[in-house]
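Take a look at the structure below.
Numbering of residues begins at 1 and proceeds along the displayed sequence. No hydrogens, no waters, no symmetry mates; every other heavy atom, side chains included, goes into these values.
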Amino acid sequence: MFYSDEIIEQVRTENDIVEVIGDYVKLQKKGSSYFGLCPFHNEKSPSFSVSPHKQMFYCFGCGEGGNVISFLMKYENYTFVEAMQVLAKRVGIELPKQEYSKEAKKANDLKTKIIEINTEAAKYYHYLLKSERGKLALQYLQGRALSEETIVRFGLGYSDKYSNNLYQYLKSKGYLDAELKETGLFTYDEKRGVTDKFWNRVMFPIMDANNRVIAFGGRVMGDAKPKYLNSPETKVFDKSRNLYGLNVARSSRKDFMLICEGYMDVISLHQAGFNNAVAALGTAFTFRHASLIKRYVKEVVLTFDSDEAGTKAALRAIPYLKDAGLAIKVLNMKPYKDPDEFIKNMGRDAYEERIANATNFFIFQVGEEQKKYHLEDPQEKTEFHNKVAEMLLDFEDEMERENYLEAVCDAYQIPKEGLMKLTRKKALSYVGKEEKTHEEVPPKERKMKKEDASVQTQRILLAYLLDQSQWFEKVAQVLSPDDFIDPFYKKVAEIFWEQMAEGKANPAQIMNNFGEEEDHKKVAELFVSPIRANLTLAELERAINDAVMKIKKASLEYQAANVADIGQLQDIIRQQNELQKIYIRLT
């Protein structure tokens with residue numbers, strides 16, 4: 001631990017986990033918990049749960065779990081110290097200066113070093129752009145109508161045509177190969193030696209939301225492939241959690257963001273005064289991107305290329321944006337292909353007008369669907385109306401669904417009464433169908449089968465007690481933490497027993513005692529175990545007694561196999577004989 005238990009607990013308790021995670025994930029209250037789509041794996045049905053009572057999160061689908069600190073570490077790729085600093089700042093807590101452990105200092109120093117090297121590389125690329133060697137690259141950028149101010153603002157540069165130019169430069173600055181390897185800027189090969197990842201390309205530094213250079217994108221100067229090349233993922237760069245231009249767009253003070261497809265679109269829009277433009281980094285738009293945007297604005301306008309590929313990209317992005325709770329519009333740039341081309345030909349004011357007249361996402365989706373049908377054919381027209389009815393069922397709220405139904409009917413001349421009846425008929429047909437909910441997601445069945453039976457029983461009993469601490473005193477008359485043979489669950493039991501001795505269970509605080517991510521998942525799983533769900537009190541009583549007996553029996557067998565003293569062995573045998581007399585009453 002890098003901070004005292006007291007300061008860790010203060011930061012954790014003053015940052016409500018529902019509020020913090022709600023900035024990243026659209027949550028909906030169901031019972032005593034909140035549910036949403038997991039930000040750590042792709043899914044269509046929400047299996048990601050957040051408990052305000054326990055201040056924990058857990059995904060029934062992928063098994064990720066933890067408290068508010070571990071969520072930020074996982075989502076933002078922060079170190080423990082970085083997560084603490086962000087959360088402390090969020091609630092106005094001043095953290096004491098810390099002496100890092102060797103391991104923590106090494107991890108933190110590596111990230112700092114990567115960013116330092118990236119920054120040095122960005123400066124060098126910019127220097128080359130302004131030199132004689134970068135003349136063609138500079139002419140290319142000027143040919144794209146970029147001003148000197150824009151080139152400087154985005155730190156644009158040029159990677160030399162010699163394949164180890166940057167490597168030689170950074171080595172001359174004293175950087176070590178062990179450090180350079182971690183940046184993703186170089187390829188290490190036994191035969192060819194070390195070569196630059198980027199060469200003879202126009203360079204686009206990629207910055208995170210805090211204006212730190214975390215990666216690069218490069219556009220080829222010739223006919224080589226690929227046309228655009230991005231840095232690989234590193235300790236500081238995860239392309240699914242960053243957006244090009246976000247460092248500026250996040251503080252643009254506009255209530256929406258423009259989502260583009262590429263670097264040049266973002267740069268052209270910023271130069272034209274639209275400093276709220278962002279783009280994904282050489283990857284398909286994902287829910288993580290949508291969650292990231294949701295932290296800053298409530299609305300987006302998609303301004304993808306107007307060709308078929310751009311239209312498909314927009315259709316793929318819409319569900320993620322909708323699930324994140326963002327209002328969505330789609331901008332029509334025809335007859336031009338992209339924002340850069342549009343602004344060059346039509347100007348800023350015309351683009352502003354297109355934004356104002358952008359199409360609602362659902363009207364756009366229906367319009368694209370309509371193109372698949374020949375509406376003069378009655379059969380295909382009927383199929384189109386059926387498809388629209390199915391699409392309307394994506395809106396869970398009845399009033400919202402009817403509002404969209406009315407808008408679609410007006411836009412595409414569909415008989416309102418007929419579509420309304422068709423939609424209701426389809427909605428009724430789904431009632432009673434079995435849908436996979438978070439409660440039905442198998443609780444790691446394969447993992448449980450692999451677990452040792454006694455370890456599984458220890459986990460189950462702790463899950464019962466952590467959920468219903470009023471049973472603790474009765475169980476504690478039979479068991480102690482020493483009866484938990486598995487080292488992990490023994491440690492959890494020791495902490496919980498200590499908490500109960502002090503008169504208050506604090507589930508989320510237990511996690512503060514574990515540093516490894518896998519341990520966080522195991523602790524979180526204890527608080528959401530579905531095994532105890534839907535049981536009567538009598539069934540719970542039998543289950544707890546069964547677990548207590550198995551744990552005590554395994555503990556005594558373990559002790560018997562590891563003692564040499566005859567007196568101790570006789571006492572163990574006596575306890576084994578008395579096991580059958582023990583029965584814990586919960587009422």
Side-chain angles (χ1 to χ4, degrees), residues 73-74 77-79 100-129 131-137 140 155-208 212-242 244 262-263 280-284 286 516-518:
M73 289 172 66
K74 176 72 177 176
N77 196 26
Y78 285 156
T79 62
Y100 287 77
S101 69
K102 288 183 179 180
E103 293 78 11
K105 189 174 188 302
K106 184 177 179 181
N108 192 66
D109 285 351
L110 177 58
K111 286 187 173 183
T112 301
K113 185 62 71 174
I114 293 172
I115 291 170
E116 178 187 314
I117 294 171
N118 284 344
T119 303
E120 192 64 47
K123 290 177 182 177
Y124 184 61
Y125 287 145
H126 188 69
Y127 160 77
L128 287 178
L129 180 71
S131 72
E132 184 63 29
R133 284 182 283 175
K135 186 177 179 179
L136 290 177
Y140 165 79
L156 304 183
Y158 168 69
S159 55
D160 206 350
K161 61 183 179 180
Y162 300 107
S163 61
N164 67 348
N165 182 259
L166 179 66
Y167 176 72
Q168 294 297 337
Y169 172 75
L170 291 174
K171 287 291 285 185
S172 73
K173 289 287 184 178
Y175 292 110
L176 306 175
D177 279 310
E179 299 165 340
L180 297 176
K181 261 185 183 179
E182 297 291 335
T183 66
L185 287 170
F186 308 100
T187 301
Y188 285 77
D189 185 272
E190 290 185 6
K191 293 182 179 179
R192 297 179 58 196
V194 183
T195 55
D196 295 351
K197 176 84 171 178
F198 301 96
W199 49 279
N200 199 29
R201 289 177 181 266
V202 173
M203 298 301 296
F204 300 84
I206 298 168
M207 299 184 187
D208 65 10
R212 301 179 301 180
V213 182
I214 55 173
F216 292 90
R219 188 195 188 283
V220 71
M221 288 300 299
D223 297 324
K225 300 291 182 181
K227 184 177 179 181
Y228 280 96
L229 181 66
N230 284 330
S231 292
E233 295 192 350
T234 66
K235 299 289 185 183
V236 300
F237 177 55
D238 181 341
K239 61 187 177 183
S240 69
R241 295 179 185 174
N242 289 279
Y244 187 69
Y263 303 118
L281 295 158
T283 183
T286 68
E516 296 297 322
E517 185 178 325
E518 284 303 312

Note: Asp189-Arg192 ion pair, threshold 4.0 Å (strictly below):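 No, no charged N to carboxylate O under 4.0 Å.
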
Test: Asp177 and Lys171 ion pair at under 4.0 Å: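 Yes, charged N to carboxylate O under 4.0 Å.
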
As an exercise, state the distance from [atom1] of [X] to [atom2] of [Y], rounded to the nearest 0.5 Å.
X      : Y      : atom1 : atom2 : answer
Phe204 : Leu156 : CZ    : CG    : 6.0 Å
Arg241 : Asp208 : CZ    : CG    : 13.5 Å
Arg212 : Ile114 : CZ    : CD1   : 11.0 Å
Ser231 : Leu281 : OG    : CG    : 9.5 Å
Glu233 : Ile214 : CD    : CD1   : 10.0 Å
Ser159 : Tyr124 : OG    : OH    : 10.5 Å

side-chain contact (heavy atoms from CB on, under 4.5 Å) against Glu120, all qualifying residues, sequence neighbours excluded: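 With sequence neighbours excluded, Glu120 shows a side-chain contact (heavy atoms from CB on, under 4.5 Å) to Tyr169, Leu170, Lys173, Tyr175, given in chain and number order.
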
Stepwise side-chain contact (heavy atoms from CB on, under 4.5 Å) check, Asp196 with Leu166: CA-CA 6 Å; Asp196 295 351; Leu166 179 66; 3.4 Å; yes

Test of ring centre spacing under 6.0 Å for Tyr158 and Tyr127: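 Centroid separation for Tyr158 and Tyr127: 6.0 Å or greater.
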
Atom of [X], atom of [Y] and distance for their closest heavy-atom approach:
X      : Y      : answer
Thr183 : Thr234 : O-CG2, 3.5 Å
Val213 : Pro205 : CG1-CB, 4.4 Å
Leu110 : Lys235 : CD2-CG, 4.1 Å
Asp160 : Leu128 : N-CD1, 3.9 Å
Lys197 : Asn230 : CE-O, 4.0 Å
Ala121 : Leu185 : CB-CD1, 4.0 Å

Verdict with supporting geometry, Leu180 and Tyr188, side-chain contact (heavy atoms from CB on, under 4.5 Å): CA-CA 10 Å; Leu180 297 176; Tyr188 285 77; 3.6 Å; yes

Arg201 side chain to Tyr228 side chain, donor-acceptor N/O pair below 3.5 angstrom: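 Not at all, the side chains of Arg201 and Tyr228 share no donor-acceptor pair under 3.5 Å.
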
Steps toward side-chain contact (heavy atoms from CB on, under 4.5 Å) verdict (Phe216, Ile206): CA-CA 5 Å; Phe216 292 90; Ile206 298 168; 5.5 Å; no

4.5 Å side-chain heavy-atom contact, Tyr140 and Arg219: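 Yes. Closest side-chain heavy atoms under 4.5 Å.
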
Lys/Arg cation over aromatic Phe186: Lys181, 6.0 Å, 45° cone: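 Not satisfied by the 6.0 Å and 45° rule.
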
Short side-chain to backbone donor-acceptor contact, Glu179 and Leu176, under 3.5 Å: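 Answer holds: yes.
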
Criterion side-chain contact (heavy atoms from CB on, under 4.5 Å) on Arg133 and Asn165, from CA distance to verdict: CA-CA 12 Å; Arg133 284 182 283 175; Asn165 182 259; 3.4 Å; yes

More than 12 heavy atoms of other groups within 6.0 Å of Tyr162 OH: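 Atom OH in Tyr162 is not packed in, count stays at 12 or less.
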
